[in-house]
Amino acid sequence: MAFDVRIPEPGELDELFAVNSFSFGMPPSAERVELSLKLADRERLLGAWVDGRCVGSAGAFTFELSVPGASLACGGVTWVGVAPTHRRRGILTALMTTQLAQIRERGEAIAALWASEAPIYGRFGYGLAMQQYEEVRLARVHAQLRGHPGARGRARLVDRAEALATWPAAWEAARAQRAGLHSRTAAWWEVRVLPEQDRPEAGWSPAFLVSLEDGGETIGYVRYRVKRGWRHGLAAGELEVLELVGVDGGAEAALWEYVFGVDLIETVAAHNRPFDEPLFGLLEDPRRLERYPVDALFCRVLDPAAALEGRRYGREGRLVFEVVDDFGGYAGGRFVLEGGPDGARCRPTGETAMLTLPAEELGALYLGQASALALWRAGRVEGSEAAARAAELLFRWHPEPWAPEIW
Ligand SMILES: CC(C)(COP(=O)(O)OP(=O)(O)OC[C@H]1O[C@@H](n2cnc3c(N)ncnc32)[C@H](O)[C@@H]1OP(=O)(O)O)[C@@H](O)C(=O)NCCC(=O)NCCS
């Protein structure tokens with residue numbers, strides 16, 4: 001089957017998004033196309049075409065991703081899908097080939113994505129760089145919170161315009177603290193985070209927008225929905241936290257206090273929360289917090305020297321390693337990395353490598369959460385245990401990375 005991978009013409013965009021909807025089992029939607037195009041970089045859209053018909057799609061957002069101690073231009077891969085009628089014939093592989101070349105050409109040292117299924121992207125050099133909780137859930141009857149000495153601020157219901165004006169600064173503060181958060185443009189806030197047309201599922205309230213303010217400054221916010229319910233005269237509502245962001249631990253604690261103070265609620269659930277979820281430490285009975293882990297961001301290194309110099313490291317260290325990149329060769333080569341909390345230098349070298357790893361695992365280590373020792377034990381990283389330990393100490397970063405929003 002002959003196919004062609006190329007940037008779609010303006011008149012082909014509806015068809016491209018219709019194919020993407022088809023590949024996810026969704027009906028075509030003119031509204032989805034319109035909103036997607038508000039955020040899409042059109043020259044980063046790719047279609048696969050067979051006999052003049054679109055059968056596959058891919059795209060990439062242009063944003064910065066927070067990485068350990070810094071923020072870096074990143075290809076934010078999205079809209080990947082191949083029509084069920086044309087699967088397992090190499091179309092995704094062709095889309096990935098062209099897309100990775102585009103990302104590298106733009107000078108982005110890394111790419112990242114959310115995978116619909118974990119096994120898809122390793123072959124293209126993407127490694128599992130972040131795990132977090134897909135959901136944390138707590139029966140409110142067990143929500144006795146310990147006081148936080150830094151808890152402060154007052155919660156206030158705000159409208160969309162106020163949230164659009166004041167929340168981005170809190171988001172940027174969170175980005176400065178953790179790896180894994182992408183930069184959001186004004187359009188992103190308007191289209192994706194605080195859309196004009198809120199579409200809750202049946203039974204759920206529209207999103208309530210609550211700011212936490214201290215001395216006239218917004219120090220955090222929570223966006224949540226409520227599903228009202230009663231059982232034999234007892235309130236049995238659910239509260240779903242869509243996004244809770246505080247500029248520091250005290251603000252986070254105050255936001256959780258607010259959430260658990262909402263009456264007529266039986267259960268509170270929150271999605272996409274970090275492994276070091278602060279709520280855990282705030283609870284008198286943390287075992288009661290149900291936690292459901294999931295793999296989140298996958299990361300791909302395309303320019304090892306720039307990517308590795310672009311982040312910070314847990315402690316001072318030096319590592320010589322060899323990367324094997326079987327898909328495009330972008331990350332391949334032998335490198336010496338000298339890094340620490342204040343910066344790093346990484347360059348090609350002829351020295352003997354202490355560790356050898358595939359591009360996929362370099363991507364996995366990149367955001368500072370994956371364990372080099374665990375990958376070594378699993379046979380994914382080769383070399384001595386001492387070298388794996390050195391890589392572990394160098395690459396690990398705290399706090400845990402966090403990706404609050406699926407894109
Ligand atoms: C995932 C998807 C894009 C794959 O497209 P495709 O054109 O069939 O992929 P390819 O033919 O290029 O497959 C390349 C390789 O990946 C493997 N692969 C593809 N999809 C896979 C999956 N879901 N799970 C495991 N392996 C998969 C293929 O078996 C093939 O392996 P091989 O090289 O050893 O033969 C397509 O199945 C799809 O659209 N799925 C639904 C939407 C979706 O999940 N999109 C991804 C969003 S992140």
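Remember, it's 1-based here, ligands and their atoms both numbered in the order they're listed.
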among protein heavy atoms, the one nearest atom 45 (N) of ligand 1 is Val80 O, 3.0 Å

Got an N/O contact under 3.5 Å between Gly90 and ligand 1? yes

Quick one: which ligand 1 atoms are inside 4.0 Å of a heavy atom on Gly81? 39 (O)

A student checking ligand 1 against Ser23 at a 4.0 Å heavy-atom cut-off should list atoms 39 (O), 41 (C), 42 (C)

For salt bridge (charged side-chain N to carboxylate O under 4.0 Å, His left out), just list the numbers for Glu134 and Arg291, CA-CA rounded to whole Å, side-chain angles, deciding distance to a tenth of an Å, and then say yes or no. CA-CA 8 Å; Glu134 190 276 323; Arg291 285 151 284 165; over 6 Å; no

Proximal candidate to atom 3 (C) of ligand 1 [heavy atom criterion; set Leu92, Thr78, Leu113]: Leu92

Is a salt bridge present between Glu213 and Arg154, judged by a nitrogen-to-oxygen distance below 4.0 Å? no

Distance under 6.0 Å and angle within 45° of ring axis: Arg6 vs Trp49: yes

Please state which protein non-hydrogen atom is closest to atom 12 (O) of ligand 1 and give its distance, to 0.1 Å? Thr93 OG1, 2.7 Å

Does Glu117 reach ligand 1 with a nitrogen or oxygen that is under 3.5 Å from one of the ligand's nitrogen or oxygen atoms? yes

Any donor-acceptor pair under 3.5 Å linking the side-chain atoms of Thr267 with those of Glu238? no

Would you mind checking which non-hydrogen protein atom is closest to atom 38 (C) of ligand 1, with the distance to 0.1 Å? Arg87 NE, 3.3 Å

Would Arg312 and Trp397 count as a cation-pi pair here, with the cationic atom under 6.0 angstrom from the ring centre and within 45° of the axis? no

At what distance, to the nearest 0.5 angstrom, does CG of Leu113 lie from CH2 of Trp407? 6.5 Å

Is the gap between the ring centers of Phe395 and Tyr313 under 6.0 Å? yes

Give a yes or no on whether atom 35 (O) of ligand 1 lies under 4.0 Å from any heavy atom of the protein. no

Less than 6.0 Å separating the ring centroids of Trp188 and His182? yes

With heavy-atom distances below 4.0 Å as the criterion, list the atoms of ligand 1 near Arg89. 11 (O)

For ligand 1, the portion of Trp114 having any non-hydrogen atom under 4.0 Å away: backbone

The protein heavy atom nearest to atom 33 (O) of ligand 1 is Arg123 NH1, 3.7 Å

Can you tell me the protein heavy atom closest to atom 39 (O) of ligand 1 and the distance? Val82 N, 2.8 Å

Around atom 48 (S) of ligand 1, find the nearest protein heavy atom and jot down its residue, atom name and distance. Tyr121 OH, 3.1 Å

What is the closest protein heavy atom to atom 22 (C) of ligand 1, and at what distance does it sit? Ile120 CG1, 3.6 Å

Residue, atom name and distance, where the atom is the protein heavy atom closest to atom 44 (O) of ligand 1: Ser116 OG, 2.5 Å

Looking at Trp79 versus Phe61, is the centre-to-centre ring distance below 6.0 Å? yes

Test: Arg104 and Glu108 ion pair at under 4.0 Å: no

Would you verify whether the NZ or CZ of Arg225 falls within 45 degrees of the ring axis of Trp204 while also being under 6.0 Å from that six-membered ring's centre? no

What part of Arg88, side chain from CB on, backbone N/CA/C/O, both or neither, has a heavy atom under 4.0 Å from ligand 1? both

